[in-house]
Amino acid sequence: MLPVSGVELVVREPTGADELFVAETTLAPVPAVLELARRVGGSAAGPLDWSRLPATDLDAVALTIRQSWIGDAIRTDAACPGPGCRERIDVSFGIGDYLEHHRPRRPRGVTQAPDEGWFTLAGATARFRIPTVADLLAAAAGRRPAETLSGRCIDAPEISRALARRLDHALSSLAPSLDDLLGGTCPACGQDVTMRFDPIAYTLIELRSTFSGIHWETHALAAAYGWAEATILALPRARRRRYASIITDERTGA
Ligand SMILES: [Zn+2]
């Protein structure tokens, strides 16, 4: 279930064509994950308008795809910033726990406005809505992303500093960012360490590495059996890999 929209996301297994897409796409991370989600994901309840999803839900989409294809446990590491230390610090957590920890809640003083998707703040002449994927893409395409985003999602005669702070707080409660900081302690020097975790960038890098054998596997099966590329790419991942490993074993005489 996506945290903010409540959409029940279903993810199918990747085909070889999906793996090729991940390996070869030159799209920026957000549009790349959006395109991947369109290919392999959907809502259990019917057609899904991806561009209207809350932007933070796209991070949850990336993590759900990762959970479905690779598993729940994430293990990553960072270099200790302690003077002269540079020790590798392991950080591990579960995707389910991470999403639970970032669960949205409605803060006091925030009410749903009559227009769908808009909220009001008690005592302020302002309405706002949670930025969607479409807002995010529009902001990224412009020269002033922050202004574009607030122009689309905040409706107020003027935005004072106090109002900006309240809006910030309301948004981070209604749609907590999953692009967040992780904390840890260096085992060598005891220094507290924070590192940024960007779900979309992380998922793409990991999937690219997981799918890095797709060109070789396709080549090996085509050469060994004379099958067409499309036939090979349509095979289930596990079967394609099994054939490729048999071919490797034969070549190496194992
Ligand atoms: Zn250290």
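These numbers come from a predicted model, not from an experiment. One-based numbering, in listed order, for ligands and for the atoms of each.
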For [X], does the [atom1] atom have more than 12 heavy-atom neighbours from other residues, nucleotides or ligands under 6.0 Å away?
X      : atom1 : value
Glu147 : CD    : yes
Glu8   : CD    : no
Arg241 : CZ    : yes
Arg242 : CZ    : no

| query | Checking Arg66 side chain against Pro199 main chain: does a donor-acceptor pair fall under 3.5 Å? | reply |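 Answer holds: no.
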| request: Measure from the side-chain N and O atoms of Tyr98 to the backbone N and O of Leu178, and report whether any donor-acceptor pair falls under 3.5 Å. | output: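 Flag set: sc Tyr98 to bb Leu178 pair under 3.5 Å.
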| request: Show all protein N/O/S atoms under 2.8 Å from the Zn ion (ligand 1), or state that there are none. | output: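 Protein N/O/S atoms under 2.8 Å of the Zn ion (ligand 1): Cys80 SG, Cys85 SG, Cys186 SG, Cys189 SG.
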